[in-house]
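Worksheet: one structure, shown below.
Naming: A, B, ... by sequence-line order, numbering from 1 per chain. What's counted below: heavy atoms across the whole structure, side chains too, no hydrogens, waters or symmetry copies.
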Amino acid sequence: MKIPYYPGCTLHERALDFDKASRECANVLGVELEELPVWTCCGAVFPLTTDSVMEILAAVRNLAYASRMGDKVVTLCSFCYNVLKRTNKVMREDGERREKVNLFLRADTETRDKIESFLKEDYVGQVDVLHYIEMLRDVVGFDKMAKHVKTRLEGLRVAPYYGCMLLRPHGEMKFDEHPEQPTIFEDFLTALGCDVVDFPMKTECCGGFQIVRDEETAIACSQTVVASAVKRDADLIITTCPLCLYNLDRKQKEMEKRVSGFRKIPVIYFTQLLGIALGIDDEHLDFSDNYVDPRPALAEKNLV
Amino acid sequence: MRLRLSGEVIKDDLVKRVEDLSGQNIAMCYQCGRCSAGCPVADEMDILPNEAIRLLQLGQIEEVLDSKTIWICASCLQCSSRCPRGVEFSSICDALRAIVLRRRITTPSVDAGDVSRVMRTDAPQMGVVGALRKLNG
Amino acid sequence: MEHRIGVFVCHCGSNIAGVVDVKRVAEQLADYPGVAYSTDYLYMCSDPGQNMVKDAIKKHSLTGVVVSACSPTLHEATFRRAGAASDLNQYRVEMANIREHCSWVHRGDKEKATEKAIKIIKTMIEKVKQNEALEPISVPMTHRALVVGGGIAGIQAALDIANAGHDVVLVEKSPSVGGHMAQLSETFPTLDCSQCILTPKMVEVSQHPRIRLLTYCEIDDVSGYVGNFKVRIRKKAAYVNRDVCNGCGLCVEKCPRTVASEFEEGLATRKAIYTPFAQAVPNKPVLDRDNCTYFESGKCGICQKICPVNAVDYEQKDEFIEEEVGAIVVATGFDLYPVVNIGEYGGGSIEDVVTSLQFERLLSASGPTGGEVRRPSDGKIPKEVVFLTCVGSRDPENHVSYCSKVCCMYLTKHAMLYKHNVHDGQAYVFYMDVRTGGKGYEEFYQRATEEDDVLYLRGKVSKLFEEDGKVMVWGVDTLTGRKVEIAADLVVLGLAMVPNSTAVELSKKLKIQVSEWGFYSEAHPKLRPVESLAPGFYLAGAAQGPKDIPDAVAQASASASKVCALFSEKEYHREPIVAWIDEDECSGCKVCISVCPYDAIEFDSEKGISRIQEAICEGCGACIAACPSATIQQRNLTDSQLYKMVSAALED
Amino acid sequence: MFEPKIICFFCKWCTYAGADLAGTSRKQYAPNGVVLRVNCSGRIDPQHILWAFREGADGVLIGGCHPGDCHYQDGNYNTMRRVSIMKPMLEALGIEPDRLCLEWISAAEGDKVVRVMDEFVETVRDLGPLDLDLTDRLSGAEAPEGAEVVEQKS
Ligand SMILES: Cc1cc2nc3c(=O)[nH]c(=O)nc-3n(C[C@H](O)[C@H](O)[C@H](O)COP(=O)(O)OP(=O)(O)OC[C@H]3O[C@@H](n4cnc5c(N)ncnc54)[C@H](O)[C@@H]3O)c2cc1C
Ligand SMILES: Cc1cc2nc3c(=O)[nH]c(=O)nc-3n(C[C@H](O)[C@H](O)[C@H](O)COP(=O)(O)OP(=O)(O)OC[C@H]3O[C@@H](n4cnc5c(N)ncnc54)[C@H](O)[C@@H]3O)c2cc1C
Ligand code: SF4
Ligand code: SF4
Ligand code: SF4
Ligand code: SF4
Ligand code: SF4
Ligand code: SF4
Ligand code: SF4
Ligand code: SF4
């Protein structure tokens, strides 16, 4: 089965490990992630001002490319997912902005050259934006996924971190039935055999992009999250977002400096964990970029 | 400090602009403070989210535009998601930032040094792009 | 029929005559087709004025009367009586409103006012010409009432009606009467013990010779209309022959199965065969087959073996009881908003976050902790207790929009009682507004802050979570503009009051309206607050909207007095201005049935036509305007009358 | 000056009582409208309105209870729907839709009765007399059933 895939810039630059692991897992599960032939940065943040047109143009272009390839587009990064999904809603429901955006698209000669044919019709929200985990649940099925598991991750205590962008705004994202107590990653982890660690900070913010402006503030946020998982004896945290990973993992270096007796905890992408369970080769599961090396924790449970 | 209120002061055109830009009705906020109670970065703010909205209700928009608060907000949408009246402070915050940024006034939060510092971090692209877009227009 | 209409133009002193040329009006109308007599007089409503009408009817053999005077709301009844006194059917007397709608509002232009008065009178002459002689509809009536719901409201209504001398059937779905009040510890604003004031009433209701108490029963079906309802009641199988059982309690004692007790809100257990609480009325057990070993596996049977009077009967089936009643009081009460919906407060998964009703049980002397406040997780006495108001209430975005009215008060009571219990403890109440509308309520709140050191924090809590055996509270104090964090031992949620979960389903059986949130709708929010729009149905207690005990009882007594007023007549009388269907023309499309707000239209499937039940029709006219075959008419306001009236008003 | 003829259908629970209040308060308004009392604005159907125009009315004013206040639960919603369907229908017949007016006026709004009456009379006055030719066409096409007097069955 082929599904159009929008990686987003971070997965092509700093989060190659995420991209690689996710593609490999998909392959094992019989899904081919078919990367859009052309795509651009989605803009990273969805503009919350009602008059924004230029700010969503990039995201619409990507959606329009995807609409040529199928009726879905899968993405991995929480930020991309949020931007694409919310932009899609604008294109479906906000007639005025839709018209303006399509005007731009029609005038956009560069785009026209690249993808002559899609311009035959306006983009009006034809594709459904899917997160990879939704694809696992709804397209593959967690039970089918579980059948591919080579190594059940018994005894591994995993804390699933959702963060903000997958869940909010709930009315638009509809990512999980219970915005305050989501369970999709819990179900995913259970299917892999893990011990799920429920921790109250799983839907709290990691500090987001504030990390590049006001490190102190953002670290305070991410430390709250990390400490909460550590307190509940998690072996590791999983996430879906390169920025969350950066804040929660890389910034543990700073946390160590600031907090006495700070206990580190590895943070990895959920598809890396899935890769381990599916028995994917080490060469595809690269943890060299992680500040806190997950391998010791995994080794302890004989998983690497 | 005494606020001298009148119908004219309260009906500030710029507040109306914030309402238009954010798609929010400022009057709907009944000041329960839940936005502030759940905001992960409120500790660093000089004006709490609910206080910022209160100031807008009173027409005191310049005070809010001058605040640190609007630059500290991480757009996590926690405030909006739990607001009993469906007021999205996160959107109001974006609108307030947009007003400052569209005025093309350099604010302490987004001076040139800041921008270059942002560019220099080793943070993932999306973080950098996000920050620049949220904080630099 | 030859029309002989009498027109009486009133001067009302100068109120009318000062503007309208009454003489000219009377003269001009004397020539109008069908008018047999026309005159004017100074004060029509005075005795001589009325006598004029009476005499003229006889003298001129009038077939109809139009009194051209003030608004019909004022004197229609007066002149109808006058007409009737001269044997003219009261519905052939009409008023033309030439005062409120003419002389008083057109004082500047006497000529135009006079012309308009003539037009107004002509419209009424045309109407009277076609008015039928009608009689008020009278319907036989069963002088027995049904009360649904045996909480304090239902109990009070049943007692009041029965004490007035009418029979009452009281139907309660649970094994005992008492409702939520039975669960409460002490009650604001006086802090009297809830059980102490309630139990005598529960006993009274069970022993009253005029009350048939049916517990563990539900309404299965209701048909008929005001004065003549037929009710089918399902008596749920209790697997105990409660007529034989003597309430010795041996079965309960020996039953080996335990389950969470509903009455104790899950904080304690009960047996599979059980009475919900010690003071239950009737104090006879029921067997909960979903949790009974015998029903699961055919084993056990201990209760049956031990019962000294052989009351336990595993073969018992649901039974049906038929009752005829003339009026129905609905008092099905409330439930708390489900805590699972509030994920940010743990959605029920944090043990030491309890609902307000659970806290009542923790405070109650008869509760699971014997009245000592101990928290559920480890039984420790909590030293830091946080109370949250408006949980789910006043939250149109995520939960319910309305204020639940009683929670401010009961949380204040909770904080106070907690402090009386744990003197060195600290109680916090997070609030948005403290609503204390009621006699002695504000003073009660002030006492909580002054004497019991309850700390009120103005702000809504965003999140609760467990940490190190504490419940972390993330709140705010908007008065100082600070975020607030409290490590609490126990948190109490002042959850919204919502209608009983059966309310909407019941409303469909009863065919009465519920409002947006499922509370029963009153006929008028101010002037008919205890009646449903559908005749014969009355509302009492929290089923109609969030209410405390004084309000619930007041409303129960009010609905009882409404029932008694209805029962004060032998028969039920109503205005005959109802709709009727011409059977020959009706195509049987049922459109009318779908628009009638009172379900007054039934379908005769044999003839394939619809038929209006006069006893139920309120005469709104919705069906008339909707009928595609134009075959429905309203008595004394037919389309034909309307057309003639329109034409008369436009004639030059 | 052209004096329009207006037929007013007022619900007895609200607008009719509102007009009574205007009277008891001695408010003054234009005398062009004649009020017919109906149990509910929902009793009025398109035929009544067309009949009024046919019989020479220049305007028709319907007064009902505010949404949510209908004595009969939701009769006024029916009226609202009907009036919105009526407007294009009138347009098609060449009758300016503004000649039909629906207003929510409660029993307490005597002032509103005055305001609405005066404004509506002005509106219709500005529109001028209803063109007779069109009225003829209407009477040919749309003579309401029941316009011939059907005696009531008893
Ligand atoms: C935590 C808490 C504390 C409170 N404290 C106070 C206080 O201190 N003072 C005060 O004045 N008020 C207090 N109240 C309010 C008080 O509980 C209510 O005002 C009162 O219980 C309302 O009585 P009711 O009869 O209307 O409803 P309920 O008590 O709910 O009784 C309804 C009855 O109807 C039955 N029933 C429901 N549906 C059906 C059906 N379909 N068929 C048959 N039977 C049915 C139910 O089983 C129940 O027995 C408190 C409320 C709460 C939640
Ligand atoms: C400014 C204001 C606005 C309000 N607005 C609203 C509102 O919008 N909605 C609402 O629901 N409620 C409203 N209310 C409340 C409402 O007015 C009262 O609930 C209501 O009037 C109470 O009616 P009552 O018959 O008990 O008392 P009253 O209206 O006071 O009537 C008492 C009557 O008894 C007579 N009387 C007194 N003593 C004697 C005596 N010794 N012998 C004989 N007769 C006597 C008085 O002359 C009077 O006529 C408002 C109240 C106020 C003050
Ligand atoms: S949560 Fe909503 S209503 Fe409450 S203070 Fe914040 S914006 Fe206002
Ligand atoms: S969106 Fe901004 S203001 Fe709202 S909770 Fe998040 S950080 Fe705080
Ligand atoms: S009948 Fe009416 S109008 Fe005539 S005198 Fe009496 S109050 Fe006045
Ligand atoms: S038969 Fe059922 S109810 Fe009776 S004692 Fe056994 S378990 Fe209890
Ligand atoms: S043992 Fe028999 S008589 Fe005694 S309570 Fe049980 S059922 Fe009733
Ligand atoms: S009574 Fe108080 S706690 Fe209850 S909903 Fe109203 S304001 Fe909130
Ligand atoms: S007039 Fe109204 S109440 Fe009567 S049958 Fe018709 S729709 Fe029902
Ligand atoms: S709407 Fe008219 S035709 Fe249709 S069933 Fe009712 S009465 Fe008969």
Side-chain angles (χ1 to χ4, degrees), chain A residues 8-15 18 41-52 55 77-80 82-83 163-165 167-171 173 179-180 201 203-218 220-222 224-225 241-247 250-251, chain B residues 17-24 38-45 68 71-83 86 88-99 101-102 109-110 114-115 117-137:
Chain A
C9 33
T10 310
L11 273 81
H12 263 217
E13 295 280 341
R14 299 249 162 92
F18 192 14
C41 170
C42 66
V45 282
F46 180 75
L48 302 178
T49 41
T50 52
D51 64 349
S52 47
E55 292 89 331
C77 161
S78 309
F79 275 64
C80 301
N82 186 280
V83 171
C164 323
M165 291 300 129
L167 300 169
R168 299 193 277 269
H170 174 60
M173 302 309 288
E180 294 285 354
M201 298 303 143
T203 64
E204 292 295 327
C205 178
C206 68
F209 58 77
Q210 285 291 358
I211 195 74
V212 298
R213 181 193 149 271
D214 181 353
E215 206 173 41
E216 290 303 320
T217 303
C221 293
S222 45
T224 309
V225 173
C241 172
L243 186 56
C244 300
L245 187 106
Y246 179 77
N247 289 350
R250 293 288 278 276
K251 293 299 159 186
Chain B
R17 178 92 187 108
V18 171
E19 292 192 310
D20 289 345
L21 269 178
S22 63
Q24 303 302 305
C39 173
V41 294
D43 287 346
E44 308 301 321
M45 291 174 168
K68 287 201 279 176
W71 306 106
I72 287 171
C73 163
S75 278
C76 76
L77 270 55
Q78 191 64 279
C79 47
S80 316
S81 74
R82 291 188 187 142
C83 172
E88 297 175 3
F89 180 69
S90 43
S91 300
I92 292 171
C93 219
D94 252 28
L96 291 163
R97 280 192 295 252
I99 285 177
L101 294 168
R102 289 175 195 185
S109 310
V110 284
D114 224 57
V115 171
R117 190 161 60 81
V118 167
M119 297 303 286
R120 267 186 282 110
T121 77
D122 62 345
Q125 280 74 10
M126 43 178 326
V128 177
V129 175
L132 286 173
R133 291 190 66 189
K134 284 279 175 182
L135 308 172
N136 209 25

Nearest atoms (heavy-atom pairs only) where [X] meets [Y]:
{"X": "B:Q78", "Y": "A:T203", "answer": "NE2-O, 3.8 Å"}
{"X": "A:T49", "Y": "B:A98", "answer": "CG2-CB, 4.2 Å"}
{"X": "B:P124", "Y": "A:T10", "answer": "CB-CG2, 3.5 Å"}
{"X": "A:C221", "Y": "B:V41", "answer": "SG-CG1, 3.5 Å"}

Residue, of [options], that accumulates the most heavy atom pairs under 4.5 Å with chain B:
{"options": "A:A218, A:A44, A:G8", "value": "A:A44"}
{"options": "A:M165, A:E180, A:E204, A:R250", "value": "A:E180"}
{"options": "A:E215, A:H170, A:E13, A:E216", "value": "A:E13"}

Look at the side chain of [X] and the backbone N and O of [Y], then say whether any donor-acceptor pair between them is shorter than 3.5 Å.
{"X": "A:T50", "Y": "B:D20", "answer": "yes"}
{"X": "A:R14", "Y": "B:A123", "answer": "yes"}
{"X": "B:R133", "Y": "A:G43", "answer": "yes"}
{"X": "A:Q210", "Y": "B:W71", "answer": "yes"}

Is [X] close to chain B through its backbone or its side chain, or both, or neither, when contacts mean heavy atoms under 4.5 Å?
{"X": "A:C206", "value": "neither"}
{"X": "A:C80", "value": "neither"}
{"X": "A:P179", "value": "neither"}

* Asked: Between B:L77, B:D43, B:V18, which residue shows the highest count of heavy-atom pairs closer than 4.5 Å to chain A?
  -> B:L77

* Asked: When heavy-atom pairs shorter than 4.5 Å are enumerated against chain A, which of B:A95, B:S75, B:S80 gives the highest number?
  -> B:S75

* **Nearest-0.5 Å distance that lies between atom CG in B:L21 and atom CG in A:L48** => 11.5 Å

Contacting moiety of [X], where chain A heavy atoms sit under 4.5 Å:
{"X": "B:S90", "answer": "both"}
{"X": "B:C73", "answer": "backbone"}
{"X": "B:R97", "answer": "neither"}
{"X": "B:I72", "answer": "both"}

Answer whether the closest heavy-atom distance between the side chains of [X] and [Y] falls below 4.5 Å.
{"X": "A:F209", "Y": "B:L132", "answer": "no"}
{"X": "B:Q125", "Y": "A:C41", "answer": "no"}
{"X": "B:M45", "Y": "A:T217", "answer": "no"}

